[in-house]
Amino acid sequence: MRIAILSRNPNLYSTKRLKEAGESRGHTVDIVDTMHCYMDVTSSRPSVRYKGRALPKYDAVIPRIGASVTFYGTSVVRQFEMMGTFSINESVAISRSRDKLRSLQLLSRKGIGMPRTGFANHPDRIDDLIKNVGGAPVVIKLLEGTQGIGVVLAETQKAAESIIEAFMGLNASILVQEFIKEAGGSDIRCLVVGGKVIAAMKRQAADGEFRSNLHRGGTATIVRLSPEERKTAVDAAKTMGLNMCGVDLLRSNNGPVVMEVNSSPGLEGIEKATNKDVAGMIITFLENNAKPNRTKTKGKG
Ligand code: ADP
Ligand code: MG
């Protein structure tokens with residue numbers, strides 16, 4: 001197969017591992033900088049151009065689209081879909097998963113467990129917004145934060161009100177969420193590929209921190225999932241329409257709850273914690289599924 005990894009940085013662990021895994025199985029793997037792709041969108045024969053020439057016809061693309069470049073990145077993926085190229089995650093699914101609120105609304109519609117969550121832009125009754133998710137302590141999140149930045153724990157009603165007022169002053173949309181204290185500063189990252197959890201790790205926050213993000217000093221260990229946790233992760237991936245994703249769960253007193261679904265999950269933490277060849281399993285999925293015109297939306301929607 002001829003595979004393109006859409007990535008801005010060839011030196012990232014995940015990019016390098018995917019290239020290595022593809023090549024070791026006899027595939028040709030190019031790393032293409034998403035932001036340097038350009039396209040003629042009017043042509044009846046769509047193509048993607050890069051460094052002065054049309055890119056070859058790939059059998060599959062693996063988009064690794066950072067949150068800050070979602071808009072342009074997904075339009076490049078859409079162009080590949082229009083050409084009939086199989087993308088491991090479709091552009092619409094990537095866009096969908098980038099909006100935390102939209103994701104939670106979709107998951108909620110399917111009855112998938114999640115922390116009680118409120119959403120607001122400019123509420124007149126902040127006290128009621130907080131009360132409505134069960135009262136303090138609450139977690140307040142910026143709608144488009146990543147890596148734990150923009151996620152704040154407000155221990156008291158007063159603290160919650162002032163944080164919400166501050167965010168509102170900046171015109172930021174926010175989520176207000178029940179704090180799952182019993183998770184004890186840990187969460188579970190499930191890597192779902194092709195409707196199966198292929199690896200899972202538990203991330204534990206550093207001392208004195210409630211956010212378990214590895215970027216915030218969290219540590220990762222291998223974990224065994226309960227059947228309910230496995231099912232929740234698989235259902236969440238399916239609802240989002242993602243063939244490959246990281247589903248983050250919290251272990252709550254009411255069972256597993258989904259916190260977020262990530263369409264470009266990092267491979268370093270999970271491969272090191274589990275000793276599994278996750279990159280290899282992603283390539284295997286492409287070998288079994290990347291047929292021309294298998295992309296469902298063909299760039300529509
Ligand atoms: P980001 O997209 O920035 O990673 P998350 O929603 O994943 O934002 O939150 C970051 C971390 O904060 C999570 O990994 C988890 O450890 C902690 N956290 C987030 N929401 C809650 C919650 N409702 N209850 C308990 N801990 C939470
Ligand atoms: Mg997270």
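Read the numbers this way: they start at 1 and go in the same order the structure lists the ligands and their atoms. Being a predicted model, the structure only gives us computed values, none of them experimental.
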Within 4.0 Å of some non-hydrogen atom of Lys141, the atoms of ligand 1 are 5 (P), 6 (O), 19 (C), 20 (N)
Gly148 heavy atoms within 4.0 Å reach ligand 1 at atoms 1 (P), 3 (O), 4 (O)
Ligand 1 atoms nearer than 4.0 angstrom to some heavy atom of Leu250 are 21 (C), 22 (C), 24 (N), 25 (C)
Distance-only N or O hit between ligand 1 and Asp248, under 3.5 Å | no
the protein heavy atom lying closest to atom 23 (N) of ligand 1 turns out to be Glu178 O, 2.8 Å
The closest protein heavy-atom partner of atom 18 (N) of ligand 1 is Met259 SD, 3.6 Å
Note: Lys100, heavy atoms under 4.0 Å from ligand 1, region reported as side chain
Quick note on ligand 1: atoms under 4.0 Å from a heavy atom of Asp187 include exactly 14 (O)
protein heavy-atom neighbour closest to atom 10 (C) of ligand 1 works out as Asn213 OD1, 3.2 Å
Decide side-chain contact (heavy atoms from CB on, under 4.5 Å) for Glu229 and Leu249; before the verdict, give the C-alpha distance in whole Å, the side-chain angles of both, and the deciding distance to 0.1 Å.
-> CA-CA 8 Å; Glu229 288 165 345; Leu249 303 175; 4.0 Å; yes
Hits for side-chain hydrogen bond (donor to acceptor under 3.5 Å, both in side chains) against Arg17, two or more places apart or cross-chain, chain-then-number order -> Glu20, Glu271, Asp277
For the Mg ion (ligand 2), protein N, O or S atoms at a distance below 2.8 Å amount to 1
